Amino acid sequence: MHLEQEFESVRNVGREAVRRAGVILLEGYSRDIKISYKGEIDLVTEVDWASEKEIIRVIHASFPRHGILGEEGGIVPGPGSERWIIDPLDGTTNYTHHFPFFGISIGFESEGEVLYGIVFDPLRNQTFEAVKGEGATLNGTPIHVSETPLLSRSLLATGFSSSQPEDPRRDNLPHFNRFSRKVQGIRRTGSAALDLCYVAMGALDGFWEIGLSPWDTAAGSLIVREAGGRVSDRQDGKHELTSPLIVASNGLIHQEMISLLSEVTC
Ligand code: 2AM
Ligand code: CA
């Protein structure tokens, strides 16, 4: 198949997968659902599993040989380098408490590079999408990061991962404490994928978090970059999907964020 044609199919599959997963999330949101615990506080629901299963079904219907990395255990190696990185429900804790902030995140990677990302917020019917080199959109309209020039004028977001909270290297409170005295405000929304999209559309000026997984950041990082923003690790190096800390911003406040993070020793 021609490369451009194949890419058009990647986009169509991404859209169809989030649309179907969104129906599952909205259906579960309106009734009592079964919750299981992965750890003391880290939870998963029957909806996470059903959503991931449906997303994998849609992908494999068109691309049976592509690999899968899904948060809920859907790990299928493929013979080539193409891989789909899936968070079937980002913001599960919000979801189970009926705090209306959660989404679905899907990234498509080839030869180790994310080329396409889609994040869908089914409650607001907002679809954030990016293709490498082609910009980022919200419901089809191009989006761009904010123009806030200074950290002191910025609204940031962060999060606190629910696993290994006792590990001091994953303790975000010292960073939170330091940032909170330097910025206009910090939000803690509970969905890293949507936080990244909010940076991309300029509603947030920056975001950082420790201990995220590839499925939390694969799509959102590309969406930020394609919206003109910057994404890095804590030393301003390349952010890999497995980097322990992610910093995303409008670019203008990035250095200030990096400097402030370097002041915290952990
Ligand atoms: P989740 O709802 O898909 O688990 C909250 O700050 C962010 O951290 C959310 O995107 C949440 O995604 C993610 N998160 C929660 N527990 C996590 C864990 N154990 N590892 C990595 N990310 C986690
Ligand atoms: Ca999840």
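As the structure lists them, so they are numbered: ligands from 1, and atoms in each ligand from 1. Not measured: the values here are computed from a predicted model.
- Separation of atoms CZ (R170) and CD (E209) is listed at 9.5 Å; rounding is to 0.5 Å.
- Not a single heavy atom of K38 sits less than 4.0 Å from an atom of ligand 1.
- Residue-ligand proximity, A192 to ligand 1, at heavy-atom distances under 4.0 Å covers atoms 9 (C), 10 (O).
- For atom 9 (C) of ligand 1, the candidate residues are G190, S213, G91; the nearest heavy-atom contact is made by G190.
- Atoms of ligand 1 lying under 4.0 Å from at least one heavy atom of E71, given by number and element, are 3 (O), 4 (O).
- Of the N or O atoms in R170, none lie within a sub-3.5 Å distance of an N or O in ligand 1.
- Distances below 4.0 Å separate heavy atoms of S161 from the following atoms of ligand 1: 17 (C), 18 (C), 19 (N), 20 (N).
- Considering backbone and side-chain atoms alike, T93 places every N or O at 3.5 Å or more from each N or O of ligand 1.
- Applying the under-4.5 Å side-chain rule to Ile, Leu, Val, Met, Phe, Trp and Tyr, the cluster around L69 extends to I75, I85, V114, W215, L222, L241.
- The Ca ion (ligand 2) has E71 OE1, D87 OD1, L89 O as protein N, O or S atoms under 3.0 Å away.
- Under a 4.0 Å criterion applied to the non-hydrogen atoms of E209, ligand 1 contributes the atoms 5 (C), 6 (O), 7 (C), 8 (O).
- Each of F176 and L204 belongs to its own hydrophobic cluster when Ile, Leu, Val, Met, Phe, Trp and Tyr are linked at side-chain heavy-atom distances under 4.5 angstrom.
- Among E134, R11, K132, E129, the single residue meeting the side chain to side chain donor-acceptor pair (under 3.5 Å) criterion with Y116 is E129.
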Requested in this report: Decide side-chain contact (heavy atoms from CB on, under 4.5 Å) for V199 and D195; before the verdict, give the C-alpha distance in whole Å, the side-chain angles of both, and the deciding distance to 0.1 Å.
Outcome: CA-CA 6 Å; V199 172; D195 287 342; 5.8 Å; no
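- Using a 4.0 Å cut-off to heavy atoms of R188, the atoms of ligand 1 that qualify are 5 (C), 6 (O).
- Heavy-atom proximity to D87, at under 4.0 Å, picks out these atoms of ligand 1: 3 (O).
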Requested in this report: Verify side chain to side chain donor-acceptor pair (under 3.5 Å) between N172 and T158, making sure each step is shown before the conclusion.
Outcome: CA-CA 9 Å; N172 198 15; T158 189; 2.8 Å; yes
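- Between H98 and Y29, the ring-plane angle classifies as tilted under the 30° and 60° cut-offs.
- L196 contributes atom CG, which lies 10.0 Å from atom CZ of R225 (distance to the nearest 0.5 angstrom).
- Atom CE of residue M201 and atom CZ of residue F128 lie 4.0 Å apart, to the nearest 0.5 angstrom.
- No donor-acceptor pair under 3.5 Å is formed between the side chain of N94 and the backbone N or O of F102.
- In this structure, the separation between CG on D205 and CD1 on I253 is 5.5 Å, given to the nearest 0.5 Å.
- Only the backbone of F160 comes within 4.0 Å of ligand 1, counting heavy atoms alone; no side-chain atom from C-beta on gets that close.
- Near G159, with a cut-off below 4.0 Å to any heavy atom, the atoms of ligand 1 are 6 (O).
- At a 4.0 Å heavy-atom cut-off, ligand 1 touches L89 through the backbone alone.
- Here the straight-line distance linking atom SG of C197 with atom CG of L138 works out to 8.5 Å at 0.5 Å rounding.
- Judged by the shortest distance from any of its heavy atoms, D48 lies outside the 4.0 Å radius around the atoms of ligand 1.
- No donor-acceptor contact under 3.5 angstrom links the side chains of N12 and S9, judged on distance only.
- Within the 4.0 Å heavy-atom criterion, the part of D216 lying near ligand 1 is the side chain and not the backbone.
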